[in-house]
Amino acid sequence: MSLAANDPRPKSVQAAVELRRRITTGRYSDGRLPPSRRLAEEFGIAGETLNKALRMLVAEGLIFSAGNRGYFIATDEEDAGDAKPDVVEDIKEIRSQIQALAERVAHLEERASGGA
C-alpha cells in the first residue's frame, strides 16, 4: 500500500495518518507495530520519512518506542495512570486537536514551499 502521490501532505504525515487509522481499528491487536523497515517498504517511503511519522505518533502518546525492540501501542492504562476519567478524555481531545493542527500546518508548509 503506497501512499497517495496526489495527496499534498508530506509523506510522513500521510504515513502517520495511516498508522493511526490502523491502530485505532485494531489492526495491530498484539500491541506491536511491524518493523520500521517493513512499514517503510509497504508505504513506499524512506526510512527517515517513516521515522518522522513514528515520532509524531510518539509525541501524541499513541505509541512508544522500546529501543531496539520496536514500537508498541500505548494502552489506555499506560496513558491514564491515576488520572481522573474526565482528565483523560480532555487529554485525548487535545491530542486530536494538535494532530489536526499539525496536519494543517504541514499542508500549508507544503503549499508555501511550492509543492501545490
Side-chain angles (χ1 to χ4, degrees):
M1 181 242 141
S2 291
L3 300 176
N6 62 347
D7 190 327
R9 297 174 299 175
K11 298 292 183 196
S12 58
V13 172
Q14 292 181 53
V17 168
E18 176 59 21
L19 285 169
R20 187 179 307 102
R21 184 192 66 76
R22 291 178 179 188
I23 291 167
T24 58
T25 59
R27 179 156 178 187
Y28 306 121
S29 58
D30 64 352
R32 182 177 189 167
L33 271 63
S36 298
R37 180 174 291 165
R38 186 168 8 145
L39 286 171
E41 289 173 3
E42 183 180 341
F43 291 149
I45 58 177
E48 182 55 35
T49 303
L50 178 71
N51 288 338
K52 287 180 185 177
L54 293 170
R55 286 193 299 267
M56 286 181 218
L57 299 178
V58 167
E60 290 176 23
L62 188 60
I63 64 172
F64 64 94
S65 172
N68 291 336
R69 294 184 335 162
Y71 287 88
F72 294 84
I73 299 169
T75 63
D76 287 338
E77 293 82 26
E78 290 167 344
D79 289 341
D82 293 329
K84 296 180 180 177
D86 57 336
V87 173
V88 173
E89 289 305 314
D90 289 345
I91 291 170
K92 288 180 180 179
E93 177 61 27
I94 290 168
R95 285 181 180 163
S96 174
Q97 291 175 3
I98 289 171
Q99 179 56 36
L101 288 171
E103 289 176 16
R104 288 177 56 198
V105 167
H107 175 73
L108 290 171
E109 287 175 343
E110 180 74 18
R111 287 181 57 199
S113 68

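In terms of heavy atoms, A53 sits closest to A16 at CB-N, 3.6 Å. The minimum heavy-atom distance between R21 and T24, with the atom names listed, is O-OG1, 3.1 Å. Across every non-hydrogen atom of S12 and K52, the tightest pair is CB-CB, 3.7 Å. The heavy-atom pair separating L3 from K11 by the smallest distance is CD1-O, 3.5 Å.
For Q14, the side chain to side chain donor-acceptor pair (under 3.5 Å) test picks out no residue, with sequence neighbours left out. In this view, N51 satisfies the side chain to side chain donor-acceptor pair (under 3.5 Å) rule with no residue, not counting sequence neighbours. The salt bridge (charged side-chain N to carboxylate O under 4.0 Å, His left out) search around R55 returns E48, not counting sequence neighbours. With sequence neighbours excluded, no residue forms a side chain to side chain donor-acceptor pair (under 3.5 Å) with R38. Taking the ring-ring contact (aromatic ring centres under 6.0 Å, His included) definition, one finds that F72 meets it with F64, sequence neighbours left out. When the side chain to side chain contact (heavy atoms under 4.5 Å, CB included) test is applied to Q99, the partners found at least two apart in sequence or on another chain are R20, E60, E103. Residues forming a side chain to side chain contact (heavy atoms under 4.5 Å, CB included) with V105 (at least two apart in sequence, or on another chain): E109.
Both L57 and F43 are part of a single hydrophobic cluster, where members link through side-chain heavy atoms under 4.5 Å apart. Under a hydrophobic-cluster definition in which Ile, Leu, Val, Met, Phe, Trp and Tyr are linked whenever side-chain heavy atoms come within less than 4.5 Å, directly or via other members, I45 and I23 are assigned to the same cluster. Using a 4.5 Å cut-off between side-chain heavy atoms of Ile, Leu, Val, Met, Phe, Trp and Tyr, with links allowed through other members, L108 and M56 fall into different hydrophobic clusters. Transitive grouping of hydrophobic side chains (ILVMFWY, heavy atoms separated by less than 4.5 Å) brings L50 and L62 into a common cluster.
Counting only heavy atoms from C-beta outward, the side chains of L19 and L39 approach each other to under 4.5 Å.
I94 shares a hydrophobic cluster with I98; the chain of contacts runs through ILVMFWY side chains whose heavy atoms sit under 4.5 Å apart.
Between L54 atom CG and Y71 atom OH the span is 5.0 Å, to the nearest 0.5 Å.
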Can I get a per-line list of side-chain donor-acceptor pairs under 3.5 Å for residues 26-34, giving both atom names and the distance, sequence neighbours left out?
from : atom 1 : to  : atom 2 : distance (Å)
Y28  : OH     : R22 : NH1    : 3.0
D30  : OD1    : R32 : N      : 3.0
R32  : NE     : R69 : O      : 3.4
R32  : NH2    : R69 : O      : 2.3

- Are E110 and V13 close enough, and set up right, to give a side chain to side chain contact (heavy atoms under 4.5 Å, CB included), and what steps lead you there? CA-CA 11 Å; E110 180 74 18; V13 172; over 6 Å; no
